[in-house]
Each structure stands twice: as structure tokens, then as C-alpha cells.
Amino acid sequence: KRTDGTVDMTKRLRYVCYGKTRKQTECDGQTGYTMHILDKLITDVLHQVFARMKAVDGDEIVSRTNRNAMVGLKDRIAATKAECAKATKEYESLKLEIIKAVQGESAFPMEILSELVNNARTKMLDADARLSELTSELEESNQRVKAIKSDYDKIMEWSEIFDSSDMEVKKMIAGYIIKRVE
């Protein structure tokens, strides 16, 4: 009812906060949001996101996203390679010492040398396994870069059609880009 006494029968569509209405979350926000107001806010935010993304080169966005992770990963690979080389060198020198022990030229008992060789071999195999894991992680990271680039291209394509689309298509695009609103 309006203040002048007339009745307005227009339907007002609203979004409802699921968590609050079901008492799953404690929040001090609204329970319901008028649809056309919230849709306009989301549309404005997406326009800002698209404008920022267009202002920066796609390769720069992808490289920024991946640069920090790659630097740390490459450092760990280099350290693991050094560790692997050290373990291999130690293993090889202990094998030579065992040969000397068999020939009777070593000052170390055979049992101790055998134990040391087994420990060195275990270290070498562990380092090799870590190096393999890190190398596969690097390959996965390269695949993620391709996926990020693909997503970027897709979003840029969608930004072109966003303005000329009706609200259902805009909601579909927003649903792909925005996973959750809190």
C-alpha cells in the first residue's frame, strides 16, 4: 500500500541470503536484496573488472599470476638438483671405498661401509624422487599458465558481448567469473 492509499500490485523480485534465512550464518547484513538494484551493482562491478583487464596486456596478467610461484619452484628445483648431485657423489665415493675394503686397502670395516652405502643410496633415491616431483609440479604450472591464458581470452571475449546481452546472458557470464559472494 502506498501512502496515498492506492495498492501497487507490481511484483518485486528479490534475492534472499540463503545462509541468513536458514540461520546457518550469523551476519548483520540484509536478508533480502531487490533484484534490479543488485543486478545493476554487479553489472557495474563487472564493467570495472573488464575495463581494468582491457587496460593491461593479457600476457602481463598471466605472467604476474604465475611469476611468484615459478620463482620459488625454480629455486627449490635448483636446491634439489644440488642435493641430488651431492648425494650421488657421496654414494659413488662410498662404492669406491667398498672396493678398497674388498681388496683389503681400506681402514674401515665392511659392515660400516655397507651401512653408509645403504644410507647414501637412500638419500640419493629420495633426492631423485623429490626432483621428479618438483619437475612434474613445474610442468603442471606450465599447464596452469595455458589454462589461465585460455580463461583470460574467454573473459575478454565475454566482455565484448556483455553490454549488448540481455540479463540472463549477463548472469551466466557473472556466474562463470564470480564463484561466490559473501
Side-chain angles (χ1 to χ4, degrees), residues 18-19 24-27 42 45-162 165 169-182:
Y18 182 84
Q24 293 177 340
T25 60
E26 289 188 30
C27 95
I42 298 294
V45 167
L46 286 176
H47 280 232
Q48 291 172 5
V49 168
F50 292 147
R52 286 184 195 151
M53 288 179 74
K54 286 178 182 176
V56 180
D57 182 42
D59 292 331
E60 187 176 334
I61 289 175
V62 172
S63 68
R64 278 185 196 174
T65 304
N66 203 38
R67 184 180 306 141
N68 292 340
M70 292 295 280
V71 167
L73 186 59
K74 287 181 179 178
D75 288 345
R76 289 189 311 182
I77 286 175
T80 305
K81 279 183 179 177
E83 183 183 331
C84 191
K86 180 181 173 186
T88 303
K89 185 177 178 182
E90 181 182 345
Y91 178 67
E92 293 300 324
S93 67
L94 286 171
K95 280 183 8 183
L96 290 175
E97 192 64 34
I98 283 191
I99 291 172
K100 287 180 184 176
V102 168
Q103 294 172 347
E105 301 171 359
S106 177
F108 299 106
M110 188 68 153
E111 298 80 26
I112 293 176
L113 283 175
S114 177
E115 185 179 328
L116 290 173
V117 166
N118 287 336
N119 290 342
R121 184 173 186 277
T122 303
K123 281 183 190 177
M124 183 182 70
L125 292 175
D126 289 345
D128 281 339
R130 277 195 307 277
L131 185 60
S132 296
E133 288 174 16
L134 291 173
T135 304
S136 66
E137 197 175 319
L138 181 64
E139 290 171 12
E140 289 173 11
S141 181
N142 291 334
Q143 303 240 340
R144 277 194 304 264
V145 168
K146 290 178 185 175
I148 291 170
K149 180 68 174 154
S150 172
D151 286 346
Y152 174 81
D153 292 340
K154 200 180 296 181
I155 289 171
M156 294 314 316
E157 192 176 306
W158 286 347
S159 74
E160 308 265 327
I161 60 174
F162 187 79
S165 301
V169 174
K170 287 181 180 180
K171 286 181 182 181
M172 185 271 311
I173 292 171
Y176 182 80
I177 296 172
I178 302 170
K179 298 299 179 198
R180 182 179 178 138
V181 177
E182 292 188 17

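Small disclaimer: the values here were computed from a predicted structure and weren't measured.
- A pairwise comparison of heavy atoms in A127 and C84 identifies CB-CA, 3.8 Å as the closest pair.
- Counting only heavy atoms from C-beta outward, the side chains of S159 and K54 approach each other to under 4.5 Å.
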Checklist entry - Yes or no on side chain to side chain contact (heavy atoms under 4.5 Å, CB included) for I178 and I42, after CA distance, side-chain angles and deciding distance? => result CA-CA 10 Å; I178 302 170; I42 298 294; 4.2 Å; yes

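- The local environment of CD in E92 is crowded, with over 12 non-hydrogen atoms from other residues, nucleotides or ligands closer than 6.0 Å.
- We find the CG-CE distance between L46 and M53 to be 10.5 Å, quoted to the nearest 0.5 Å.
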Checklist entry - Going through the checks in order, is the salt bridge (charged side-chain N to carboxylate O under 4.0 Å, His left out) test met by E133 and R130? => result CA-CA 5 Å; E133 288 174 16; R130 277 195 307 277; over 6 Å; no

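- In the displayed structure, K171 atom NZ is contacted under 6.0 Å by more than 12 heavy atoms of other residues, nucleotides or ligands.
- Going from atom CG of L96 over to atom OH of Y91 covers 11.0 Å, rounded to the nearest 0.5 Å.
- With rounding to the nearest 0.5 Å, the separation of CG in L125 from OG1 in T88 is 9.0 Å.
- Here the straight-line distance linking atom CZ of R76 with atom CD of E83 works out to 13.0 Å at 0.5 Å rounding.
- Annotation: the span from D151 atom CG to M156 atom CE amounts to 13.0 Å, rounded to 0.5 Å.
- No more than 12 heavy atoms of other residues, nucleotides or ligands shown are found within 6.0 angstrom of NZ on K123.
- Nearest heavy atom pair, residue L116 against residue L94, reads O-CD1, 3.5 Å.
- Of the possible polar contacts, none joining the S141 side chain to the E137 backbone as a donor-acceptor pair under 3.5 Å is found.
- The environment of K170 atom NZ is dense: over 12 non-hydrogen atoms of other residues, nucleotides or ligands sit within 6.0 angstrom.
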Checklist entry - Going through the checks in order, is the side chain to side chain contact (heavy atoms under 4.5 Å, CB included) test met by F50 and I155? => result CA-CA 8 Å; F50 292 147; I155 289 171; 3.6 Å; yes

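- Rounding to the nearest 0.5 Å places CG of D75 at 11.0 Å from CG of L134.
- Annotation for E26: atom CD does not count as buried by contact number, only 12 or fewer foreign heavy atoms lying within 6.0 Å.
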